[in-house]
Amino acid sequence: LVNGLRKNGRMHEAKELFQNMFEKGLSPDSVIYTSFIDGLLKEGSMPMAFKVGEEMIDKGVMLDVVTYNVFINGLCKRGKIHQAEELLKEMLEKGLAPDHTTYNTLMDAQCKAGNVNEAFELCDQMTRSGLVPNLVTYNTLIGGLCESGKMHKIGELLNDMLKAGFAPDSITHSILIHGCIKKGTAEDVFRMHEQLLEKGLSPNLDTYNTLIDAFCTRGMTRKAKELWDEMLKKGLVPSVITYNALIDGYCKNKNLGESFCLYGEMIRQGIAPNLATYNILLGGLCMVGLMQEADELLNEMVVRGLVPN
RNA sequence: GGCCGUCUACCCAGUGGC
């Protein structure tokens with residue numbers, strides 16, 4: 001329950017439930033503590049998270065690898081890589097073995113900080129400790145190479161990945177397609193897509209969403225529409241994300257007719273428009289000065305139970 | 001022997017920097 005609440009943005013209720021446990025004479029175990037601490041860190045309450053961590057120690061509840069991983073991730077996400085590394089040291093000194101998540105988290109932080117080489121160094125360290133890179137490791141490093149503009153090194157890493165028995169998944173695909181959109185042409189995007197298919201990627205809803213969005217972002221709605229037709233032919237069912245991506249493409253091209261046509265269709269198909277859908281459509285209407293219509297749409301979203309942000 | 005908590009990308013907008 002605590003985990004379910006905090007994962008759905010109801011941290012406040014999670015806190016109450018967590019407190020209630022004590023009143024009922026129950027002591028949270030390390031799983032509940034860890035989930036709660038993760039929630040605190042993700043809402044930015046770092047001092048509180050550390051206080052709860054100390055409470056765990058006081059009550060004699062074991063801090064395990066996952067607890068450490070949660071703290072390391074919380075620190076990394078706020079740019080405190082150094083402190084995170086201190087925790088890794090602490091784990092090693094305590095004889096608590098770091099796992100894939102520990103290393104992957106630190107690698108990701110180094111990548112995001114622009115230190116891909118440090119990330120690869122950590123990968124070596126992990127391997128020396130007996131942990132072979134997993135799919136998340138490869139995806140993280142691939143993302144690091146993309147962000148630092150080292151696209152030329154990706155082929156080799158993909159091959160290593162294959163040799164290790166991992167086919168690219170839809171996350172690998174998303175990372176690489178986004179890497180291509182930044183500098184590459186539409187051809188590059190397709191070539192990358194083909195390359196991944198050759199390496200064992202199975203096309204699914206997510207890969208279509210990524211591609212459709214990639215082309216829509218570039219205003220290439222005709223190509224995007226071809227992909228849409230292709231996915232339907234394969235029996236895949238478009239999601240809110242598919243609709244939003246295409247609606248956005250048409251809006252950016254000032255083709256509001258097509259946008260609203262899709263909006264109507266998604267509703268008929270039983271796909272509920274979300275906040276993003278309305279932000280896209282409102283932006284489209286405002287861009288061409290249709291303020292009256294924008295106002296009506298704003299009412300419509302409220303009627304549908306959505307809160308404008 | 002098993003289960004619950006942690007890591008990688010992603011649809012609109014929003015903040016900051018250049």
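Naming convention: chains lettered A, B, ... in sequence-line order (proteins, then strands); numbering from 1 in each chain.
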Would you find more than 12 non-hydrogen atoms of other residues, nucleotides or ligands less than 6.0 Å from A/M21 atom CE?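 Count over threshold, so yes.
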
Touch check for [X], heavy atoms < 4.0 angstrom, all strands: base, sugar-phosphate only, or nothing?
X	answer
A/I175	sugar-phosphate
A/T34	base
A/V66	base
A/D108	sugar-phosphate
A/S174	base

Taking only Lys NZ, Arg NE, NH1 and NH2, and the carboxylate oxygens of Asp or Glu, determine whether [X] and [Y] approach each other closer than 4.0 Å.
X	Y	answer
A/D229	A/K233	no
A/D108	A/K112	yes
A/K89	A/E85	no

Under 3.5 Å side-chain donor-acceptor pair for A/D64 and A/T67: yes

Side chains of A/T210 and A/T207: is there a donor and an acceptor less than 3.5 Å apart? no

Sub-4.0 Å heavy-atom contacts from residues 225-249 of chain A onto RNA chain B, ordered by number: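 Here the set is A/I241, A/N244, A/A245, A/D248.
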
What about the rings of A/Y33 and A/F18, do their centers lie closer together than 6.0 Å? yes

Distance under 4.0 Å to a non-hydrogen atom of chain A counts as contact; along RNA chain B, which nucleotides mark the start and end?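 Footprint of chain A along RNA chain B, 5' to 3': B/rC4 to B/rA13.
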
Evaluate the ring planes of A/Y138 and A/F166, with Trp represented by its six-membered ring, and classify them as parallel (under 30°), tilted (30 to 60°) or perpendicular (over 60°). tilted

